[in-house]
Amino acid sequence: MSIPREHRLRKHAEFEVVYRCGQRHFSQALTAFYLLRPEPAEDGALECSRDPRVGITVGRVMGKAAVRNRIKRRVRAAVTENLGRLTRPLDVVINPKKAALEIDFQQLCAEVARAFEVAEQKAAFDAGKNARPQRERRSAQPGRLAARKP
RNA sequence: CAAGUGGACCGGAUGGUCGCCCCGGCUCGCCGGGGAGGAAAGUCCGAACUCCGCAGAGCAGUGUGCCGGAUAACGUCCGGGCUUCCAGCGUCAAGGCUGGAAGACGGCCAGUGCCACAGAAAACAUACCGCCCCGCGCAAGCGGUGGUAAGGGUGAAAAGGUGCGGUAAGAGCGCACCGCCUGGGCAGCAAUGUUCAGGGCAUGGUAAACCCCACACGGAGCAAGACCAAAUAGGGAGGGAGCCCGCUUCGGCGGACACGCACCGGCUCGGCGCGUUAGAACCUCCGGGUAGGUCGCAUGAGCGUGGCAGCAAUGUCCCGCCAAGAGGAAUGACCGUCACUCCGCGCAAGCGGAAUACAGAAUUCGGCUUACAGGUCCACUUGCCUU
RNA sequence: GGGGACGUAGUUCAGUUGGUUAGAACGCUGCCCUGUCACGGCAGAGGCCGCGGGUUCGAGUCCCGUCGUCCCCG
């Protein structure tokens, strides 16, 4: 991956959490799932960094292995260009569509940048509200430490 | 030169900027090196490797199937044979000769099954029409425990083929040639070829029907397997092993001492709190084992040049080389230059534009099959041109 | 990566040891019934059996190749 390792999602469980609890952003060539990671607990687990992390999923319906690799690499290059736009500890999962293979690279970059901006704004809004849960569905999330709204 | 068929091979080159994976260095964030294929694919075969099972043998099952060789092994490869097809030559015609292509190419004269419809009959020939003979009858015709497989018709297939003789009509009934079967000689390791003698022909097709014969095969697969090993729950072993006084409704309660644990305290003493007959709480140890991590994991039936042996597949020897190793998974993104093909403009030089396939390693090898833009070479056939 | 199943009308499925016309239900079309619709009745269309070869007289069935779909092993 051309994304540095500490900025990647590595485990199937991490992808699952983002899919189940995150919010979504749609555009012509891709769908982005994003989730603001909770603050690491103070008593321990300090290996959990504050860096943003990105994962890319290309399913089998997109084509054969060569086509899937091509889509993944184009999206990955666009992510590398725009990785600086993410400052908060966000987990983002990108599901490209078939259009990601065809469209101009500049346009693909613009879509990724737009998705990252939306995620940043949402994260800033939620953090400003004392990091209350972003969705009601998230109430079952084990890592929750913020108290409910008084 | 063009087209077709078959086979072999190539699968753009070279820079810049920003990044990714692995390895090696050190001044610890920099430097150096390496980074997809002929099919990496389908997972159709064969192996290496790993675990499980296993005295030996047999049965069952699966696979292969002309012969010989190559190989670690194979359903692969090489050579040879046979059959079929195509083209040419040759012949009155056939047999034949040359070249190419294809072939799951052992066995239905071991057994069993099946062969619809049509047809008399589909395999032990019960004869439909026809032909012939005999009997009856003037005749038409009728009848026969009659003969006959040459002809007709049916069918995918009809009981050796052609010709001559023969006969009441016919028939391998007899003969010649061809085919078939049996036995022998010769050539060959063999498949097989060739030749001689005998047999008058028995032996329809189907084994990608059951089956017979010969040979091979234990099962699962790197998500195999080995090691390290958190939290939680559970398992096993051991430790936890104090007495006195008072009251009592006999369940216990209260007090002192002792012990253990936690806190205050730099440490001892001390203070305070809790627990002390339940095999409880609690403590220690052990083993299994999940998440996770490491190994397996790339020096191998390895690749290249050359020599030798062999018709060849291939083997062997000398020298040289080390060539991806991830784990939500690297090998990329963008910008140039050049080459190749096509299109447009142009006499030309050149200019502009377009196209560049199939496809992406996941334990590793040997094959097969399938996909593939464009291009190169070789062999054969056909056509045209020149000499 | 590895191991297995299945492809038949528009849909869900049958199709026995190869045998001649491939069948059922629902759906579809037309007609009848009714004032109208539904229900019901009658009739009909619709398939190169995923694709390409082979064996056989004959293939949905047997064999080989290929394409697609689904399931299992973390």
Side-chain angles (χ1 to χ4, degrees), chain A residues 1-123 126-127 131 133-135 137-147:
Chain A
M1 264 202 142
S2 50
I3 306 168
R5 182 170 276 179
E6 60 271 17
H7 292 299
R8 274 186 251 155
L9 286 178
R10 303 295 301 281
K11 292 281 177 286
H12 180 74
E14 296 170 354
F15 280 79
E16 281 298 311
V17 167
V18 176
Y19 279 136
R20 268 190 288 109
C21 310
Q23 294 180 284
R24 280 172 286 180
H25 168 80
F26 303 96
S27 68
Q28 188 191 344
L30 54 90
T31 303
F33 297 76
Y34 55 94
L35 174 67
L36 183 66
R37 230 175 310 136
E39 292 292 319
E42 286 81 357
D43 48 352
L46 44 92
E47 66 270 14
C48 186
S49 71
R50 287 187 49 88
D51 291 320
R53 297 187 301 179
V54 181
I56 302 169
T57 294
V58 184
R60 221 155 57 95
V61 293
M62 308 304 289
K64 297 197 163 199
V67 177
R68 293 202 302 271
N69 276 336
R70 187 127 206 95
I71 292 171
K72 228 188 288 183
R73 284 163 183 162
R74 283 173 68 88
V75 173
R76 206 180 287 148
V79 166
T80 313
E81 295 250 325
N82 298 286
L83 196 59
R85 294 179 188 271
L86 295 176
T87 57
R88 300 175 181 278
L90 275 163
D91 285 348
V92 181
V93 175
I94 296 177
N95 284 15
K97 302 174 185 174
K98 269 189 181 152
L101 187 66
E102 312 281 331
I103 66 169
D104 192 64
F105 185 71
Q106 295 304 316
Q107 194 181 343
L108 185 62
C109 277
E111 291 203 7
V112 171
R114 172 85 187 127
F116 282 3
E117 278 171 18
V118 168
E120 270 296 293
Q121 282 175 12
K122 281 278 188 182
D126 291 335
Q134 290 154 354
R135 281 188 165 194
R137 279 199 300 176
R138 225 190 134 214
S139 58
Q141 185 59 20
R144 172 176 55 100
L145 42 91

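Residue numbering restarts at 1 for every chain, and letters A, B, ... go by the order of the sequence lines.
One distance of note links CD of A:Q107 with CD of A:E111; it measures 5.5 Å at 0.5 Å rounding. Summarising the geometry, atom NZ belonging to A:K97 is positioned 7.5 Å from atom CZ belonging to A:F26; distances are rounded to the nearest 0.5 Å. Taken to the nearest 0.5 Å, the CG atom of A:N95 stands 11.5 Å off from the CD1 atom of A:I71. Distance check: A:N82 CG to A:F116 CZ gives 6.5 Å after rounding to the nearest 0.5 Å. Rounding to the nearest 0.5 angstrom, the gap separating the NZ atom in A:K64 from the CG atom in A:N69 is 13.5 Å.
For the pair A:I56 CD1 and B:rA329 P, the interatomic distance rounds to 8 Å; values are reported in whole Å. Nucleotide B:rA36 holds its C1' atom 15 Å from the NZ atom of A:K72, rounded to whole Å. In this structure, CG of A:L83 is placed 18 Å from P of B:rC18, rounded to the nearest angstrom. What separates CD of A:Q106 from C1' of B:rC335 is a distance of 12 Å, to the nearest Å.
Here A:F33 pairs with A:Y19 under the ring pair (Phe, Tyr, Trp, His ring centres under 6.0 Å) rule; sequence neighbours left out. Annotation: side chain to side chain donor-acceptor pair (under 3.5 Å) contacts of A:R114 (sequence neighbours excluded): none. Under the side chain to side chain donor-acceptor pair (under 3.5 Å) criterion, A:E81 pairs with no residue, sequence neighbours left out. Residues passing the side-chain contact (heavy atoms from CB on, under 4.5 Å) test with A:A115, sequence neighbours excluded: A:H25, A:A32. By the side-chain contact (heavy atoms from CB on, under 4.5 Å) test, A:A110 is found to be paired with no residue, residues two or more places apart in sequence or in another chain being considered. For A:R70, there are no salt bridge (charged side-chain N to carboxylate O under 4.0 Å, His left out) partners two or more places apart in sequence or in a different chain.
The separation of B:rU299 from B:rC311, taken at their P atoms, amounts to 38 Å, rounded to a whole angstrom. The gap from the C1' atom of B:rA323 to that of B:rG304 amounts to 12 Å, rounded to the nearest Å. Spacing between B:rC285 and B:rA262 at atom P, rounded to whole Å, works out to 16 Å. Going from the P atom of B:rA361 to that of B:rC380 covers 43 Å, rounded to whole Å. If you take atom C1' in B:rG174 and the same atom in B:rG199, they sit 15 Å apart, rounded to whole Å. Taking atom P in both B:rG325 and B:rA354, one finds a spacing of 40 Å when rounded to whole Å. B:rC322 and B:rC18 are spaced 31 Å apart, taking the P atom of each and rounding to whole Å. A distance of about 26 Å separates the P atoms of B:rA70 and B:rA102, rounded to the whole Å.
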Restricting to nitrogen or oxygen on both sides, can you table the protein-nucleotides 355-362 of chain B pairs closer than 3.5 Å?
{"residue": "B:rG360", "atom": "OP2", "partner": "A:A66", "partner atom": "N", "Å": "3.0"}
{"residue": "B:rG360", "atom": "O2'", "partner": "A:N69", "partner atom": "ND2", "Å": "3.2"}
{"residue": "B:rG360", "atom": "N7", "partner": "A:R73", "partner atom": "NH1", "Å": "3.2"}
{"residue": "B:rG360", "atom": "O6", "partner": "A:R73", "partner atom": "NH1", "Å": "3.4"}

Report all interatomic pairs (protein N or O, nucleotide N or O of nucleotides 369-372 of chain B) with separations under 3.5 Å.
none

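Nucleotide B:rG352: paired with B:rC343 (Watson-Crick or G-U wobble, both distances less than 3.5 Å). Using N1 to N3 plus N6-O4 or O6-N4 for Watson-Crick, or N1-O2 and O6-N3 for G-U wobble, each under 3.5 Å, B:rG58 pairs with nothing. With a cut-off of 3.5 Å on both pairing distances, the Watson-Crick or G-U wobble partner of B:rA237 is B:rU284. Under the Watson-Crick or G-U wobble criterion, with both distances below 3.5 Å, B:rA13 is paired with B:rU337. Using N1 to N3 plus N6-O4 or O6-N4 for Watson-Crick, or N1-O2 and O6-N3 for G-U wobble, each under 3.5 Å, B:rA156 pairs with nothing. Using Watson-Crick or G-U wobble geometry with both donor-acceptor distances under 3.5 Å, B:rC365 finds its partner in B:rG46. Base pairing annotation: B:rC244 forms a Watson-Crick or G-U wobble pair with B:rG255, both donor-acceptor distances under 3.5 Å. Pair check for B:rC377 finds B:rG7; Watson-Crick or G-U wobble, both atom distances under 3.5 Å.
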Exercise. Step by step, would you call A:L108 with A:R74 a side-chain contact (heavy atoms from CB on, under 4.5 Å)?
Worked result: CA-CA 8 Å; A:L108 185 62; A:R74 283 173 68 88; 4.0 Å; yes

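Between A:R85 and A:E120 there is no salt bridge, since no side-chain N of the basic residue sits under 4.0 Å from a carboxylate O of the acidic one.
Put simply, A:R76 has no side-chain N or O that comes within less than 4.0 Å of OP1 or OP2 on B:rC21.
Both A:V58 and A:F105 lie close to RNA chain B; mapped to their nearest nucleotides by heavy-atom distance, the more 5′-ward contact belongs to A:V58.
Using a 90° window around 0 for the glycosidic torsion, B:rA36 falls inside it and is classed as syn. In this structure, B:rG306 is classed as anti because its glycosidic torsion departs from zero by more than 90°. By the rule that a glycosidic angle within 90° of 0 means syn, B:rG38 counts as syn.
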Exercise. Using Watson-Crick and G-U wobble pairs whose two distances are both under 3.5 Å, how do you write the pairing of RNA chain C as dot-bracket, with | for links to another strand?
Worked result: ((((((((.[[[[.)...(...]]]].(((((.......))))).....[[[[[..)....]]]]]))))))).

